[in-house]
2 protein chains.
Amino acid sequence: MTLSRHSDALRAAQMYYLQDLTMDAIARELRTSRSTVSRLLSAARDTGLVQIQIRNPLDTGPELESMIRREYNVDVHVVPVLESLNEAETLDRVAMQAARTIGPLVDSNAIIGIAWGSTLSAVSRHLTRKITHDTVVVQLNGAGNMHTTGITYASDIMRRFGSAYGARVEQFPVPAFFDHAATKTAMWNERSVQRILNLQARMSIAVFGVGSVDADYPSHVYAGGYLDESDLKVLAHSDVVGDVATVFFRRDGSSDGIVLNERSTGPALSQLRQVRRRICVVSGASKINGLRGALSAGLATDLILDEATARRLVGFGGAARPNG
Amino acid sequence: MTLSRHSDALRAAQMYYLQDLTMDAIARELRTSRSTVSRLLSAARDTGLVQIQIRNPLDTGPELESMIRREYNVDVHVVPVLESLNEAETLDRVAMQAARTIGPLVDSNAIIGIAWGSTLSAVSRHLTRKITHDTVVVQLNGAGNMHTTGITYASDIMRRFGSAYGARVEQFPVPAFFDHAATKTAMWNERSVQRILNLQARMSIAVFGVGSVDADYPSHVYAGGYLDESDLKVLAHSDVVGDVATVFFRRDGSSDGIVLNERSTGPALSQLRQVRRRICVVSGASKINGLRGALSAGLATDLILDEATARRLVGFGGAARPNG
DNA sequence: AAGCACTATGCACAAACGTGCAGAATGGAG
DNA sequence: CTCCATTCTGCACGTTTGTGCATAGTGCTT
């Protein structure tokens, strides 16, 4: 029966992590085999029963982190990754650490806003379970485009977040961009849409990546058929450097007068800034310009990024890691 | 140099605990030996860089815990210990788990009130370091008696708490009990004493054990020469079941009219109840009566105790552990 | 500059741990 | 009750990790 198993896992976790007993000793106490204890513990970790947190004292942390922290006023987590790793492997490592960093921040009664994109997809694959109550996961921006409804892609991400935290999932079934601003206005008055907007307005946590117009591998948004020729041309002329949840901004963080935003379904930057905890995950140094804009706009309270990007962010190119 | 070592420890901890790499892989990345990584990680754990927490979802927890939780309205942590262990070993295990449970609760700017006694002594020996700022550890009650100033004993406990959290330590250099209530009144007006009282009034965390008059091995208070014959006789006649920080109470939690309290240096129960987080650590089923009184008095918000005592607390004697 | 006390490192070995696999236990469905 | 599908268990093996010891490094004193 699964209930006694859960209870055994709890006992085992306490004895292993809090009392420093060996699995062997625990096995004897629980009258089972050592392998079972090993599996109980691994289950305890997977289900979020055991929470492992790394807290680096802000002031003794590495040079790099404190520079970013000071300059942009965000809580920064630099993910150490071997330089030789390729883009995909780096993303995987960053996503894993991001997932585990987010975990402890999620609490019962939270309303978690989630964007979509390759970064969030990767993060969603690494979430560890954590049992919470009355938590809601709400989609930040629509995912439909001219070719697909985008539903499966975005909803996979949402679903994974939902099941990791035992949360209700609220999708946002609209396209990423409307063709006409008027449609958006109309839709925004629909009660079904307003329910989502209302949830967004009450978010306690938001998680998003950034898009950068000049990234080596452009984000979904710039490549995936969400925007047409003329849209891209307009973007280029308005000095846009990137986006968060399909809302665009310039290098200095401003977004006024960017017409495309009037057709976008993402939350206005001013609204995003209201959210208590805003977690930005970035992997890949080529997103640097988008990231700079997002930070200038004050969109993030927490920034999780790989080491190479962190170094580019503060200026020194690709030198060896500064060690103290 | 210790600074680069700290930074390496942080990197290693992130890679090991957050990215699931093996120590071998980390060693290669850090250009050092695997053994060094093993030691870095162990240092990271010892210095509180890595925080491991066990959170059992309140509603799926073992029967025993939820019964206590409901009945006494405290956050309870039952420490699983083998029944065959003797008193001392049990205390050690409970103390270890208590120390690690307290760790995550301590934060910068906290004012931590600490009682003294064999339980707290044991706990103090198992604390894991955690770097905080402007934290203060303050002694809850005096420790002097007719034979000794009690300074070394109590101050060892205090010192260990202080160094674990990098906190300032504020001793309370008075006897446990004054001979005359008038002396207490006088002393309480001294500015040196008021500084301590003032700190106590602003405590955010208090940690204490309980004394029980009928315990198998009576607490220091009842055995250590703190009270004389007539004191003990008076206690017996006022239905006192136990004490917290040398303040006495009856089984129903009341303490009015217990004259000895007028000479005691511990915080009034009403004052203790003001503290946000009040952690009571108990090991040994013979303290059950003192514990019942303390809980009735609402002295604890968190209770950490061994399994046998927990079972006695809810009534069923020493049966096999209930397993869901 | 030399000496000294202390700490950090790598090696090698032993202890502890994770996991594929085959068999046992469990829980429905007929 | 019997069958089947699924889950759980212990074993055995290979991998990963902790640690005593000898050596190398570091910083402080004279």
Side-chain angles (χ1 to χ4, degrees), chain A residues 1-52 54 60 62 80 82 93 96-97 100 126 128-129 163 320-324, chain B residues 1-52 54 60 62 80 82 93 96-97 100 126 128-129 131 163 320-321 323-324:
Chain A
M1 64 171 67
T2 178
L3 208 152
S4 131
R5 199 177 152 77
H6 181 95
S7 147
D8 276 353
L10 181 66
R11 285 173 72 89
Q14 290 183 108
M15 294 193 271
Y16 190 78
Y17 288 107
L18 302 182
Q19 294 181 30
D20 283 350
L21 302 187
T22 68
M23 295 188 183
D24 222 353
I26 299 171
R28 280 195 297 277
E29 193 145 335
L30 255 45
R31 292 168 208 291
T32 179
S33 74
R34 197 187 47 71
S35 358
T36 299
V37 174
S38 170
R39 285 187 266 253
L40 282 176
L41 289 174
S42 127
R45 284 189 299 267
D46 291 346
T47 55
L49 222 130
V50 175
Q51 299 263 88
I52 300 183
I54 312 276
T60 61
L82 202 52
R93 296 257 223 125
M96 191 154 178
Q97 188 159 333
R100 302 204 180 174
H126 289 291
T128 51
R129 295 182 149 286
S163 72
R321 71 193 165 87
N323 216 347
Chain B
M1 62 173 66
T2 177
L3 208 152
S4 129
R5 200 178 150 77
H6 181 94
S7 148
D8 276 354
L10 180 66
R11 286 172 70 87
Q14 291 183 106
M15 294 193 273
Y16 190 79
Y17 288 107
L18 265 24
Q19 293 180 30
D20 283 348
L21 302 187
T22 71
M23 296 188 182
D24 220 354
I26 298 172
R28 280 195 297 276
E29 193 147 334
L30 255 44
R31 292 169 208 292
T32 181
S33 74
R34 197 189 48 70
S35 357
T36 298
V37 174
S38 169
R39 284 189 266 252
L40 281 177
L41 288 173
S42 126
R45 284 189 299 266
D46 291 346
T47 56
L49 219 129
V50 176
Q51 300 261 91
I52 299 182
I54 311 276
T60 62
L82 203 51
R93 299 259 222 121
M96 188 155 184
Q97 186 158 335
R100 303 204 177 174
H126 289 291
T128 51
R129 295 183 147 284
I131 296 156
S163 72
R321 72 191 163 87
N323 216 346

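All chains are named by letter (A, B, ...) in the order of the sequence lines, taking the proteins before the strands, and each is independently numbered beginning at 1. Because only heavy atoms are used, hydrogens play no part in the values below, and waters and symmetry mates are left out as well, while side chains stay in.
- With rounding to whole Å, Leu41(B) atom CG is found 7 Å from dG18(D) atom P.
- Residue Thr36(A) is classed as a sugar-phosphate contact, given heavy-atom separations below 4.0 Å to backbone atoms only.
- Ser33(B) and Thr36(B) are linked by a side-chain donor-acceptor pair at a separation below 3.5 angstrom, with hydrogens and angles left out of the test.
- The main-chain N or O of Ser163(B) is found under 3.5 Å from a side-chain atom of Arg129(B) such that the two form a donor-acceptor pair.
- Atom-to-atom, CZ of Arg34(A) to C1' of dG18(C) comes out at 8 Å; the value is rounded to the nearest Å.
- Side-chain nitrogen and oxygen atoms of Ser38(A) include at least one within less than 4.0 Å of the OP1 or OP2 phosphate oxygen of dG18(C).
- The 5' end of DNA chain C is approached more closely, in terms of each residue's nearest nucleotide, by Thr22(A) than by the other of Thr22(A) and Arg39(A).
- Distance Arg31(A) CZ to dG10(D) C1': 17 Å, rounded to the nearest Å.
- In this entry the distance linking CG of Leu40(A) with C1' of dT9(D) reads 11 Å, nearest Å.
- Rounding to the nearest 0.5 Å gives a distance of 9.5 Å between CE of Met15(B) and CD of Gln97(A).
- Atom CZ of Arg45(A) and atom P of dC17(C) are 11 Å apart (whole Å).
- Residue Thr32(B) is in sugar-phosphate contact alone, with no base atom involved, counting any heavy-atom pair closer than 4.0 Å across all strands shown.
- Rounded to a whole Å, the CG atom of Asp20(A) is 12 Å from the C1' atom of dG18(D).
- Across the protein-nucleic acid pair, Asp8(B) atom CG and dT7(C) atom C1' stand 16 Å apart, rounded to whole Å.
- Separating the CG atom of Asp24(B) from the P atom of dT16(D) is a distance of 7 Å, rounded to the nearest angstrom.
- Residue Tyr16(B) places none of its side-chain N or O atoms closer than 4.0 Å to OP1 or OP2 of dT16(D).
- Checked by atom type, the side-chain pair Tyr17(A)/Arg45(A) shows a donor-acceptor distance below 3.5 Å.
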